[in-house]
Amino acid sequence: MKRRVCVIGAGPSGITALKNILDEEIETVCFDRNDRVGGNWIYSEKPSHSSVFETTHIISSKLLSQYEDYTWDDHGEEVADYPSHQQLASYFQGYARHFGLLDHIQFETTVKQVERISEEEWKVTIENKDGQHVETFSDLIVCNGHHWNPRMPEYQGTFDGEFLHSHDFKKAEPFRDKRVLVIGGGNSACDVAVETSRISKKTSISWRRGYRIIPKFMFGKPSDVVGSGMTWLPVKIRSLLSQLLIRIFIGPNKNYGLQEPDHNFGQTHPVINDELLYRIRHGKVHPKVDIEKLDGHTVHFKDGSKEDVDVIIACTGFIISHPFLDESLINYSDGPVPLYLKMMHPTMDNLFFVGLFQPLGCIWPGAELQAKIIARQLSGKWKRPKNIERLTEKEVSNPHYKQLKTPRHTITVDYHVFRRQLLNELPKDWVAKERKDAQPA
């Protein structure tokens, strides 16, 4: 059939996929359930929409959080070192306008089902205000994100208070004067603990293990900019130096009542946060170890302590999920994700995933490079390796970081190493800032 591409999702990964496929003058349609581009950077208090918090700022600096085709300077909006979610949403919407993408996106449209009806054809069932419709495409690019399907923890006993996931946390105000327990040691957990501690009766945070907390600034510069100065070093050496720098800047976790990490830097995702340790040392956030059991409003911890709480907020991550695809075809919810360069299915050459990786850094600069490689394949300018299955197996078995075996750590990449790997597949003149003539959607 004539080449016709379907892009699922108009978040940061989806819009760069759409832009780069259109640059190759290939007919492309994008579907998104929201009413504008931006994905989870569109703040909304609706529980069904996985959005950022009211006060969210990005945890990577603006210098390392931009498309090369459309930088912050191209956007023309002055932003801080760590832009807010409002500024990020504006940036993505500016990208879409600049490259004429809006006419190619069907908003408020949900992809209900995708079926592979032949080796060269996908049947896509969509639903919008006019009902359900079916369209056919030659190629499928999945950009639905991996931060929307909550992973809830399970404990012995029952809890009689409010128990929610960070997916449903939008702002701190509903927790005013309540006793709050936050579960988790990731960036979301630390942010939720900080925000609720401003107005709660008491906020505690439960960690099952020790984690490293990186300040947002080192030597007067964003910490990721400082880290980028060490990219010439092997990952192992760079990790040891990062670990030493954090120790110098922060000191041991025990000084804050937190567990010490029992693993090397990079084996879990570090936390980028300047306020948690401040709030702890000011008596506003109270560290706790892992939960043993629940009993009414009382939470028992594994160190023998207990605490009465009104609300538990589980910041325990998300399940990688593609509900529109049959699980017999694709199921990455548990275990490794065998995709070449974190994007290409080894046996189905018309199925791609953009943004299905978790860098120690920002996602969309890498998503932009992935999109450009896919676009070049679809236009015949780039050929898949003949040994792609073996290369995929090698990639899965040799990750950039030997991380702890948890569901959270199946798609981690090193920002700088991954970027170099993708750039190796692109010509030197890969940046394309000029807008192509828009084609009918």
Side-chain angles (χ1 to χ4, degrees), residues 52-53 55-65 80-84 147 166 182 184-195 197 205 207-282 285 287 315 317 357-363 365-366 400-404 406 408-409 412-419:
V52 291
F53 312 153
T55 55
T56 298
H57 283 247
I58 194 171
I59 59 172
S60 54
S61 69
K62 65 179 181 181
L63 294 175
L64 297 175
S65 305
D81 289 306
Y82 292 91
S84 68
H147 290 134
S166 58
V182 179
N187 287 288
S188 293
C190 295
D191 286 345
V192 170
V194 166
E195 293 305 317
S197 72
I205 185 168
W207 284 7
R208 62 176 171 171
R209 61 168 61 91
Y211 299 93
R212 288 183 177 82
I213 298 182
I214 301 175
K216 282 195 166 183
F217 295 93
M218 292 182 174
F219 309 112
K221 299 179 180 180
S223 54
D224 60 355
V225 173
V226 173
S228 67
M230 301 188 290
T231 56
W232 57 277
L233 294 168
V235 169
K236 187 175 181 179
I237 301 301
R238 183 156 31 104
S239 296
L240 290 173
L241 283 177
S242 297
Q243 193 167 308
L244 178 61
L245 272 177
I246 296 167
R247 187 78 171 189
I248 292 171
F249 271 84
I250 299 299
N253 277 10
K254 65 181 181 181
N255 287 354
Y256 305 90
L258 297 166
Q259 300 114 291
E260 292 290 347
D262 59 358
H263 52 275
N264 292 326
F265 180 90
Q267 288 188 292
T268 61
H269 289 292
V271 177
I272 315 297
N273 191 295
D274 273 328
E275 292 192 83
L276 180 69
L277 301 182
Y278 175 94
R279 303 295 290 179
I280 289 174
R281 292 294 287 266
H282 284 74
V285 175
C315 304
F357 60 92
Q358 185 65 58
L360 300 188
C362 185
I363 288 180
H400 299 158
Y401 294 94
K402 298 290 185 181
Q403 293 199 303
L404 301 183
T406 70
R408 186 185 180 200
H409 297 119
T412 300
V413 298
D414 179 89
Y415 176 98
H416 300 284
V417 173
F418 191 51
R419 178 179 172 82

Colleague: Of all the heavy-atom pairs spanning Trp207 and Cys190, show the shortest one and how long it is.
Modeller: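 Here Trp207 and Cys190 meet closest at CZ2-SG, 4.4 Å.
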Colleague: If you measure from CD1 on Ile250 to CZ on Arg212, what distance do you get to the nearest 0.5 Å?
Modeller: 12.0 Å
Colleague: Where do Ile58 and Cys362 come nearest, in terms of heavy atoms and distance?
Modeller: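 So the two residues come closest at CD1-SG, 4.4 Å.
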Colleague: How far apart are the C-alpha atoms of Ile205 and Val192, what are their side-chain angles, what is the distance that settles it, and do they pass the side chain to side chain contact (heavy atoms under 4.5 Å, CB included) test?
Modeller: CA-CA 9 Å; Ile205 185 168; Val192 170; over 6 Å; no
Colleague: State, with a plain yes or no, whether a side-chain heavy atom of Gln259 is found less than 4.5 Å away from one of Arg208.
Modeller: no
Colleague: With a 4.5 Å limit on heavy-atom distance, are the side chains of Asn264 and Gln243 in contact?
Modeller: yes
Colleague: Apply side chain to side chain contact (heavy atoms under 4.5 Å, CB included) to Asn255 and Arg281, showing your working.
Modeller: CA-CA 9 Å; Asn255 287 354; Arg281 292 294 287 266; 4.1 Å; yes
Colleague: Is there a side-chain contact between Leu64 and Pro365, using heavy atoms and a 4.5 Å cut-off?
Modeller: no
Colleague: Quick one: ring pair (Phe, Tyr, Trp, His ring centres under 6.0 Å) pairs with a partner in residues 227-256, sequence neighbours left out?
Modeller: Phe219-Phe249
Colleague: Report yes if the side chains of Asn253 and Pro261 come closer than 4.5 Å at any heavy-atom pair, otherwise no.
Modeller: yes
Colleague: Check whether any side-chain heavy atom of Leu360 lies under 4.5 Å from a side-chain heavy atom of Thr412, and answer yes or no.
Modeller: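 When only atoms from C-beta onward are counted, Thr412 and Leu360 do touch, with a gap below 4.5 Å.
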Colleague: Hey, are the side chains of His282 and Ile280 touching, using non-hydrogen atoms and a 4.5 Å cut-off?
Modeller: no
Colleague: How close do Ser197 and Arg279 get, counting heavy atoms only, and between which atoms?
Modeller: OG-NE, 3.0 Å
Colleague: I'd like to know if Arg247 and Glu260 make a salt bridge, using a cut-off of under 4.0 Å between side-chain N and carboxylate O.
Modeller: yes
Colleague: Mind checking the CG-CZ spacing from Leu240 to Phe265? Nearest 0.5 Å is all I need.
Modeller: 10.5 Å
Colleague: Between CD1 of Ile214 and OG of Ser242, what distance do you get to the nearest 0.5 Å?
Modeller: 7.0 Å
Colleague: Under a 3.5 Å threshold, yes or no: a donor from one side chain and an acceptor from the other, between Ser65 and Ser60?
Modeller: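 Yes - a donor-acceptor pair under 3.5 Å links their side chains.
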Colleague: Using side chain to side chain contact (heavy atoms under 4.5 Å, CB included) as the criterion, list what pairs up with Phe217, not counting sequence neighbours.
Modeller: Asp81, Tyr82, Pro222, Asp274
Colleague: Do you know the tightest heavy-atom contact between Gly210 and His263?
Modeller: O-CE1, 3.1 Å
Colleague: Using side-chain heavy atoms (C-beta onward) and a distance below 4.5 Å, is Cys315 in contact with Val182?
Modeller: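 Yes, their side chains come closer than 4.5 Å.
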Colleague: What distance do His57 atom NE2 and Ser84 atom OG have between them, rounded to the nearest 0.5 Å?
Modeller: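 Going from NE2 on His57 over to OG on Ser84, the span is 5.0 Å.
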Colleague: What is the distance from atom OG of Ser228 to atom CZ of Arg419, rounded to the nearest 0.5 Å?
Modeller: 11.0 Å
Colleague: Checking Leu63 now: which residues fulfil side chain to side chain contact (heavy atoms under 4.5 Å, CB included) with it, not counting sequence neighbours?
Modeller: Ser61, Val225
Colleague: As an exercise, state the distance from CD1 of Ile213 to CD1 of Ile272, rounded to the nearest 0.5 Å.
Modeller: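 Here the rounded value is 10.0 Å.
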Colleague: Determine, step by step, whether Asp191 and Asn273 satisfy the side chain to side chain contact (heavy atoms under 4.5 Å, CB included) criterion, reporting the C-alpha distance in whole Å, the side-chain angles of both residues, the deciding distance to 0.1 Å, and the verdict.
Modeller: CA-CA 8 Å; Asp191 286 345; Asn273 191 295; 3.1 Å; yes
Colleague: Does atom NZ of Lys221 have more than 12 heavy-atom neighbours from other groups under 6.0 Å away?
Modeller: no
Colleague: Is there a side-chain contact between Met230 and Val226 in this structure, where contact means two heavy atoms from C-beta onward sitting under 4.5 Å apart?
Modeller: no
Colleague: What closest approach, in Å, do Pro270 and Asn187 show between heavy atoms, and which atom pair accounts for it?
Modeller: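 Closest pair (atom of Pro270, atom of Asn187, distance): O-ND2, 3.6 Å.
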Colleague: What pair of heavy atoms forms the shortest contact from Arg238 to Leu233, and how long is it?
Modeller: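 Of all heavy-atom pairs spanning Arg238 and Leu233, the closest is NE-O, 3.8 Å.
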